[in-house]
Each structure stands twice: as C-alpha cells, then as structure tokens.
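Remember, it's a predicted structure, so these values are computed and weren't measured experimentally. Chain letters run A, B, ... following the sequence lines, proteins first and then strands; every chain starts at 1.
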Amino acid sequence: MPTELATRYTPADIEPAILQRWNDARAFHAEPTDAGPPYSIVIPPPNVTAALHMGHALNNTLQDILIRWRRMAGDNAVWLPGTDHAGIATQTVVEKRVLKEEGKRRTEFQRDEFVAKIQAWKDEYEATITNQLKTMGCSCDWERQAFTMDETRAKAVREAFFQLFRGGLIYRGKRLVNWDPVTQTALADDEVEMEEIDGHFYYLRYPLAPDKSEIRNPQSEIHFVTVATTRPETMLGDSAVAINPRDPRAAALRGRKVRLPIVNREVPIIEDEYVVLPDPDGDEKARYSSGFLKVTPAHDPNDWELGLKYNLPQINVLAPDATISDKHGWPEDDRLRGGDLLDTLIGLDRYEARQAIVEWFRQNDLLEDVKPYRHSVGHSYRSHVAIEPYLSDQWYVATKKQIGDAKSELIPGTDVPMNSLAGYALRAMDMTQRSDPLSLGERAGVRGSGDERGQRSSQSPSDAIEANPRSALSQAPSPQPSPSEGRGGQPWEGQLRFIPDRYARTFQAWHENLRDWCISRQLWWGHRIPVWTRPSMPAHTYAMGEPDLLLAKLFEWHRQDRLVMQGAGRLLTGAEKIGKDALYFVCVRNDSDSEITDLLESEGFVQDPDVLDTWFSSALWPMSTLGWPDDTPELRAWNPTSTLSTAREIITLWVSRMTMFNIYFRSQVPFKEVFIHAMIQDGEGRKMSKSLGNGVDPLDIIHSHGSDGMRFTLAQMTTQTQDVRLPVVRDTSGGGTGRNTSEKFDAGRNFANKLWNATRFALQNLEGASNNSESPPAPRVGDPTPGGGGLSLSSTSPSSLALADTWILSRLARVVHDSTAALQNFEFSSYAQGLYDFIWRDLCDWYIEVVKPTLRDDADERDVLALCLDVSLRLLHPVMPFVTEALWEHLNAAAPDRHEAARRFGDIAIPPSALLIRAAWPGVPMTLMDPKAEEEFGLIQQAVSAVRQVRTLYKVPPRQKVKLSAKVPAAMAQKAVARPTLFLETLANVEVEEIGPKVDKPADAAVAVVGLAEFYLHGLIEADAEKARLSKRLEELDKSIKTLEGRLGNAAYVDKAPPHLVQQTREQLEAAQREARTVREQLAAL
RNA sequence: GGGCGGUUAGCUCAGUUGGCUAGAGCGCAUCCCUUACAAGGAUGAUGUCGUGGGUUCGAGUCCCUCACCGCCCACCA
C-alpha cells in the first residue's frame, strides 16, 4: 500500500527507483516479432570524445518523447543506442592527454599500444555517456547498444567497403586534400572551418627570362612581372605565371618565361580567363589583383586545376608538418639550382619561410608592395591551425559516378546522374520539398498566373514552393513526375521528409554540388582500410595467362567473391593485360580471411596504414545497428527507421551519407522523417562548445531541477526556430554546489512539483472514499450526445458541480486531441505547453478548487478527477517519465477501477496497466467535447475573477467573507441561478444572499459587471476608490467601443469581412456599450 | 560571394492558412503560510511587435527596402 507522499517532489529520491523498475521489467526492450507496427529511431551516436552537453540532452529528450509516445500508442517501438568512435576527434584528445600526462607524443608509441590508450578513453567516456542517457530516462533498448567500432559494426564497414569497391565506386586518387599539419591527416571539406584572419597581400616581382622576343621587341619596358599572393612561401613550387588573355600586356608577353627568384627555375607565362583583371574600382579581388597569378599546382586548389589544364609540373615543397622540405616530391635537379640560399629555407616552418622569402625579395628589390588583407582561411576543426592544401594519395568514394550498366540521364539542372549516390539522395527527397527545375515551372506557373503578387516569386521558383508548399502541391494537376522520375518507380523515391521543411534545401543544394568523398584518414584510431598493396612493383609483369601462381590465386578468389582487385585505375576481373607500372590494390572482403591475407603478406603486400573517415561507419548506422549485412529480422522490421532527430550542422556530414548508403546497399531510405532541432547557445548567443568552456552537463541540470524538469523545459523550448539561448549560472543554492544551472528550468521543475501535489491531493480524497462509494452513479439518461448539451453526470450531485465536471472533461478531450496532434507534427513546444496549461490552469486552478468542498461526498467528482489524472499522466509521460510513473503506482492503488468509470462517462478507453510506460495512449474522446459547457463555465470564471478583483481593490482580507447579491437577466436566470452561487462561495469566499433577475443594488455595494450579470459586493462602497476603479474601467470600455465602432463604421469591413466576424464585432460592441452604461450609472450615483 | 534564421514585456521565448482589445515562464509590485503545492495562491504594472514603404475592410502575421545579431555553404590568388 503506497504510503503518504512527501509534500514536495524530490527527483533524486524517486528517479533511481523508477529506473530500476523499468529495468526490471525490460520495459525498453523490443523484439522484431513483437506486436504493433514497427517504429524505430537510431540515436545519433555521440562521440566518445567527451561527456554529453545540453545539445545532446535536447536531442535525446525529443527522441525519447517520440519513442515513449509511439510505444504507448501501440507501435513496436525500438530506440537503438550507441556511440561513435569519432576518429580524429578522439585520437586528438587522447594525444593531448598523453602529452600532458606522460610527456610523450603519439609517434613514440607502437600503433597497437596507442590504440589501446584510445580504447581505454573510449571505454571511460562510453560509460559516462551511457550513464548520462540513462539518468535522463532515455528509454533506449540498452540490450542493443552499439559502438561504431565493435565487431558487428566492423563487419558492416568491411562489407560496405567491399561492395563499393566491387561496384567501382571507390578509387585511389592523388589530390590536394585539406591537410592538417598538426594532426597530420586529411580532413573532409566539412571538417574545415573558415576563419577570418588579418593577412597581407604580397606583390612579388618575377624577372622575365631573357629570350629572343627581347630582340624582336627591344622597346619593351617590361623586365619583370608582379604577382600578387597571400602565400609567398609557396612560390618555391610555382610552375607557371598566368595572365588573362584580355589583359593589354598579354600580347607582349606571349611565349615569354619568367625566372623564378631563389630557385632560378624558368617557368612559362600562360594565359587563362581565370585570372582576375586588375581594376581599382572593381570588387575586392580586382582591386588587389596585379593581373599576374603565380601558379602553384601542388599547393593551391585553383592552381591544381590550372596545372592539369596546362600540364604543369606539380612541385611539392612542403613536408607533412608544413615545413619546407625537399623530400616530398621536389625534383633534385630543380632544387640544386637554388643552391645555398635554398638550403637555408629547408626545414623552416611555412610561416618562418614566408618571412624569410619576403625578406629576401625586399633585399633584392623585388618586393613591390605589401598590403594588409583580411580574408578567410580554412582551419582544422580539431587543431585549429590553418589547413594546408596538400598533395597526397587518398581513397575516394565516387558520389556522382554512374551506378550499374544502364545509362541513366542527369537529374534536371544538375550534373548528377539519376543512378549515382548523389542522385539517390536527391531522388529520395519528398516531392513537395524538392525544388527541381522541371516540375517547378509548372507549380510556380499555376500559382503565379493572374496573380500580381506572385510575380516576383515566380521568378524565383524555389520561393514559390517555399511560400506555400501545401497549396502548391494540391493545386498542381498532379505532382508531375518528371519524365525520368516515373520510370524507375523505386520504392524509396520521395520517401524522405525534412521537418522543418526549409532544411530540405540544404540537403538538396549539397547533393547538387557534391564532390567525391575522401574517406581515408591518416590516423590510428578507426577502421583500417581493407586494401592490400605492394609498395614497389616486382620486376616482372603480372597478367592473366602468365604462369603466375599469385595472380591465378587472386583471380580465383575474385571469382569466389572473396576479394576485388584494382590496377591501372580500373577493376581487374582476370581477363585484362596489366602494364608494368600498374599498382595492384586488393580489397579483401573479410580481413580475417587469413588464407588470402597470409598469402598477400608473404608476397610483400601490406595493408593500407590509413583508416576510414569516421563518417563512413556512421553512414551505415541505421543498418549496422540492426545487424546488416546479415539479413536479420531486426533489419527487416525496423529499417527504414522512422524518424531521425539531429542537428542541422550534420545534414551534410551524416544525413546525406546515410541516405546514399542505405539506398545503395538496401534500396531503402535510412529513415522517413528527419527532424532538425534547434541549436542551444549560451546566454550570449554563442554556440556551446568545449573550447569556449560554456558547455553544460545535463547531469548538472538534473541535479538542480530533476530529469523531468529538464526534459520538460527542453521540450517547451523546441519550436521551429533555429537557435535557442540558455543563460547559465553557477548553482548557488544550498550552499552552492559549484555546478551549472539555469533558471530556465524552473518552469519544468515547478510543474513536476505541481503535478505531484495535485495527485497527492487527489489521492488523499480518493483513497479513503473509494470504499464507501460502491454503488456507481445511475446510468445517465440518453447517452452523451456528441458536442451537444454535454453530460449530466450524476443524479446525485448538485447540478452546479456537474457543470464543472462536464467542463473539465471537455477540456480533457481537447488536450488529448491537441497534444496528440502536436506530437504528430513534431510541435514539441505546444505539446508541452498544452499539457502545462491544462493541468495547472484548468485542472488545478479551477476544477480542483471547485470540487474541494464536495469531493469526499461525491463519487462522480472523484471519478472525474481520477480520470483526468489518469489521462494527464499518460499524456505527460513521454516528456516527464519519472514523476508520472511514480504517481501512476499510487493512482492505481487509490483508484483501481477508474477505467470502468471512464467508460461510463463517454466510452473512454483507458485500459489499466501496472506500469505507465506500458499504458495505452488515450484516444480522443470526442463525445466529451462540450463547447456549451466551456462557454458557460467561462462566464463563471469571469464572474469569479471580477469578484476577486473587487475584493483585492478594496483590500478585503482573503479570509473575510463578503455578502454578495447578483442581478442576472431572466433569460439566464433559470440555469444560472444555482450555479454561480456555489462557485462564487467556493472560489471567491463570498456569502450569496440572493441571485435573480430582479435584485436591486444595495446602496453600499461595489459592483462587478460580467456580460449580462451584475454582482453586488455588500458593504464595500468607498466613494474615492470606487470612483477611481469605475473611471478606469470606463476608460478601457470607451477605448474598445471606439475601436469596435470604427470597425463597424467602415462599410468595406461590414461588406467584405466574413459575416460571423461582423456579427461577433456587433456583439462585442453591444456588450461594451451595455457595461459602459452601467458603469456610468454607478459613477453618477456616487 | 550564395543561402537560411532571428529581431515581440527587464530576461528567455510563444503567437500554425491575415481578424489581437498581442500571450507564457522567470523577474517585478501588493496581499495571503486558506487543511495538495510558498517550487504555492490571488491581484496588478510593463510592449509605437527592429526601420521605412506596399497589399488589404483589416498586418506581429503577406510583399519589398534598409539596419543589426547569428548560423550554414562556397577552391577566399
């Protein structure tokens, strides 16, 4: 038997026990064979770099709300938890820690040794993270917890890599990558952060090399060209100087060469439109341009392109740590020309080298100018140093390469083939969210025709769609499938929807401009690339048909689908001749296939030392968490997953890649809905981050406000906005814990306490009373009429209280409907707010206050109250799981038969359940909707408020009873007579003398006017105060009368506005005028 | 350079197809420890809804302009 509840809800006393209860019941666990339609969410696996912060708390709260809701609604709901190894990020934090604690660098360890250290870190933080999620109440299926580098996920990664490799979608390329010289690894484009820095433009003179044109044109005064650069140090690797062919100087320089200072290399002058013409009045680039561009293919992405175009040498002059180096592709003979001077530069850091080189140009009178220049430079998101465009060998996934044999056309307006990874992602998009040029014209046309205002927007088609997606869709004859779209009829097409839909644009634009994905990382922490190669080719040539045992074996295994070979830039299947210089890449399907790997290694092959980009394994997450590549029941039941909830910054990094992979490997979208939540900023609008030190541990908030309080507030904050601010302070309560806290969470904490106490009150009355109310109320005459006169609940209770009952039940029906709809639409804020308002305002402030005096004697009231609490706890459970589950147990004990009572009221199904987490989500009891009761009760509320106002104004002590009489018009009198009496006596502490149509105002009474009724509070008259009050009221009334009259005086309004609005305005005016008249009379009487 | 979001009460934010006499929480003021809750109750004060135009009977809500704040994307010599 539940004992008495404490007067306060103290989360710390309750939460652990509730967690234990769920755990004992395996309440979070689901099997694919369980009943109900499948519903699944994969957690965006948090990085094991650090503990979770408020952004995670927000995201996981929302996911838990969805999961708990769908679970209650009868779905077979599963939430798959796990963590991400976060390659570079984790390795970096561990490197920093080891350096700090042991004073050693990574390179001083063996690979295995260091990976073990990272593994230890991972274990520590995975435990921390898991504990945080559990403490928050996240109902993840912990029996299915995954890690991106555990055995199952590793198998998925190998298989995925193999299949892509076999499909020709993975290739090796020499490219300029974003190189982080500190961590010494390549970064993906999206791991590079642009930062504004104050730099300089250096104007360097390159002397022209003497040649015969000088003889042809002796008048030429050009002895040197001046290049403008922000990076003088890369001039060592220049292999050309470019000029725009339209530049007037171009003709004179045609065919000439320049002698590159310091290195004394002669490089050609090439002409290309790419070069910006100098123009003092032009844009920034033109203003700074000298008209000559130094071309350094190995150290600048633009120059790389030019280099390919003009077949220029790629001269790399930097080491991986960004020091000047002659060991990484700088031809020796070239270098020798530089002599001693060059030797002094070698070994210098890139910035030291810059200074030295600029200084040399200055001393040799070749430095024409230096201008300050503010520009943005890519920085590593890990080490925060400027990235270096660096030439290296990397593995790529071809994102726009045609998949399969059948030639597919391009997606209109793009260079993306329909059948390519990027094409898959684009085609997966919901039709109404995708703006593609073909169907767009039609949609915009429909909307724009004959609509002046549509003019602008039809020029910008995407606006037209954006402005009104629903009507755009419904008005179009039918969502015209573009010619190519209909053809495939793939089940996954159009299945992916973004909420809010504006983020669909980000997704679309990303894929339309997608570049190949660099997937190799020069790290130790991650999935090793399953490719073996021979560093130097043997002297003889391998080819099919030649008696080579190794090759024969390899091709045999290839036929067994155990490996795939690449050589000379193409897949080898066994039939082709291979050139002498071809490098073999052997991708082994299963890296524990030792028969293959042993042979390879005995033949001098070695496994690629690099690991895969961490997003490669996360891209498989919706499949790998469910057992892919095995064809598991889990996979069949729960992939595609239902909803992905994540942050917008991750749309490109993660959402994109999951989509491409899931479709490629399974012909299914990874998820159907993508909910993008807001980003939590600190009080100053800055992103929360570790480096700023403004991050907040959810456990700190739970400590000060409880898990439910935190969750509730987070849900309440989740509107469709982009960012939310969370001002944070040090917790100084109770002597100061030193933890972070924020008063934003007070609302949630207070609400949990309110619910606790409301239930506590109910229990006190339900428990004792339930025994002696054996006889259920007589069945009502005529079952509830939908939306009509409401219910007459009881033949025993006073009719005045029956109104309160029908009213609160109508409000209850409304909140069931509204909160369910809000969840369906991802409107977490209105879901939370709606329940807050119902429970606090309607149920506590009014219903409970009204029934207080009679509850003990009125079985119907007790049933209504129990029903309201039951449904409230159910509705609230997804967001406040702990307090609701705790109270549920007590409610079960105190009102075990409430579901039967509920059936009587309106056939409401609230089947009993021992655990709330497993209780059924309530259906909307439409029969309880009673607008009339709501309107009538609304008048009562106004009357009570009006009387309270007068009391306050006259400073009547709350305890003091006031005599009251009231005049209500005959029309209302009949039903109103009894009702206001009890309400007013209970809620406004008055003693009602008489209420009727012919009651006169006593001379010494203050008057409160509500609609057609006048309430007289005896013995309060005090001329000055009354005058002041009435004058003020009159002022307000006159103001609104003016407004309303003005509106009605406007012929156009009466003419064009909807009739019911005009009618409503008239009624408002009449009411205001009537009240004003009364007030004036009273003023006159004073 | 392109795109997106924000600008509503002292603070943090709602305001869903234009109809508002503009709301909530916190904070503030006055009163109340009334037998669920002082993390509570009652009452109250506070807004030219960033600027300037436009459309409309009517604009916080739609269109355009400008300003400031923030985010994302972009190969930014």
Charged N to carboxylate O under 4.0 angstrom, [X] versus [Y]?
| X | Y | value |
| --- | --- | --- |
| A/R1033 | A/E1075 | yes |
| A/R841 | A/D837 | no |
| A/R1047 | A/E1045 | no |

Query raised in the report: When rounded to the nearest 0.5 angstrom, what is the spacing between CH2 in A/W510 and OG1 in A/T506?
Result: 11.5 Å

Query - Reported CD1-to-OG distance for the pair A/I651 and A/S656, which is rounded to 0.5 angstrom - result: 10.5 Å

Could you state the [atom1]-[atom2] distance from [X] to [N], rounded to the nearest angstrom?
| X | N | atom1 | atom2 | result |
| --- | --- | --- | --- | --- |
| A/Q720 | B/A14 | CD | P | 10 Å |
| A/L1061 | B/U56 | CG | P | 19 Å |
| A/Y503 | B/C72 | OH | C1' | 9 Å |
| A/F751 | B/A39 | CZ | C1' | 13 Å |
| A/Y847 | B/A36 | OH | C1' | 15 Å |
| A/E849 | B/G40 | CD | P | 14 Å |
| A/R951 | B/U34 | CZ | C1' | 11 Å |
| A/K852 | B/A36 | NZ | P | 5 Å |

Presence of [X] side-chain N/O under 4.0 Å of [N] phosphate oxygens OP1/OP2:
| X | N | answer |
| --- | --- | --- |
| A/W840 | B/G41 | yes |
| A/R1047 | B/U21 | yes |
| A/R505 | B/C4 | yes |
| A/R749 | B/A39 | no |
| A/Q949 | B/G44 | yes |
| A/T952 | B/A42 | no |

**Report entry** Partner of A/Y202 by side-chain contact (heavy atoms from CB on, under 4.5 Å), out of A/R354, A/M235, A/K371
**Finding:** A/R354

Pick the [atom1] atom in [N] and in [M], then give their distance to the nearest Å.
| N | M | atom1 | answer |
| --- | --- | --- | --- |
| B/G41 | B/G5 | P | 38 Å |
| B/U65 | B/G53 | C1' | 7 Å |
| B/C13 | B/G18 | P | 26 Å |
| B/G50 | B/G60 | P | 10 Å |
| B/U56 | B/C63 | C1' | 12 Å |
| B/G1 | B/G54 | C1' | 30 Å |
| B/G40 | B/G25 | C1' | 15 Å |

Out of [options], which has the shortest distance to the side chain of [X]?
| X | options | result |
| --- | --- | --- |
| A/T721 | B/A77, B/A14, B/C57 | B/A14 |
| A/R502 | B/A77, B/G5, B/C57 | B/G5 |
| A/S1040 | B/C75, B/U21, B/A36 | B/U21 |
| A/S289 | B/C20, B/A77, B/A36 | B/A77 |
| A/P958 | B/C31, B/U16, B/C69 | B/C31 |
| A/K1056 | B/A14, B/U56, B/U16 | B/U56 |
| A/N753 | B/A39, B/A14, B/G44 | B/A39 |
| A/R725 | B/U12, B/A36, B/A77 | B/U12 |
| A/R760 | B/G19, B/A77, B/C37 | B/C37 |

Heavy atoms under 4.0 Å, any strand shown: does [X] hit a base, just sugar-phosphate, or nothing?
| X | answer |
| --- | --- |
| A/P1058 | base |
| A/V276 | base |
| A/S829 | nothing |
| A/D300 | nothing |
| A/V275 | base |
| A/T506 | nothing |

Requested in this report: Could you check whether the rings of A/Y288 and A/F201 sit parallel, tilted or perpendicular, using 30° and 60° as the cut-offs?
Outcome: parallel

Base-pairing mate for [N] - Watson-Crick or G-U, with both contacts under 3.5 Å:
| N | result |
| --- | --- |
| B/G40 | B/C32 |
| B/U61 | none |
| B/C66 | B/G50 |
| B/A9 | none |
| B/A14 | none |
| B/A45 | none |

Donor + acceptor pair across side chains of [X], [Y] (<3.5 Å):
| X | Y | value |
| --- | --- | --- |
| A/E849 | A/T986 | no |
| A/T1065 | A/Y1053 | yes |
| A/D238 | A/Y206 | yes |

**Report entry** First of A/G291 and A/D845 reached from the 5' end of RNA chain B, by closest nucleotide
**Finding:** A/D845

Report summary line: On RNA chain B, more 5' by nearest nucleotide between A/R948 and A/M717 is A/M717

Requested in this report: Please name the pair of heavy atoms, one in A/A762 and one in A/L869, separated by the smallest distance, quoted to 0.1 Å.
Outcome: CB-CD1, 3.3 Å

When you compare the protein's N or O atoms with those of nucleotides 23-25 of chain B, which come within less than 3.5 Å of each other, and at what distance?
| from | atom 1 | to | atom 2 | distance (Å) |
| --- | --- | --- | --- | --- |
| B/G25 | OP1 | A/R841 | NH1 | 3.2 |

Query raised in the report: Would a line drawn from the ring center of A/F498 to the ring center of A/Y503 be shorter than 6.0 Å?
Result: no

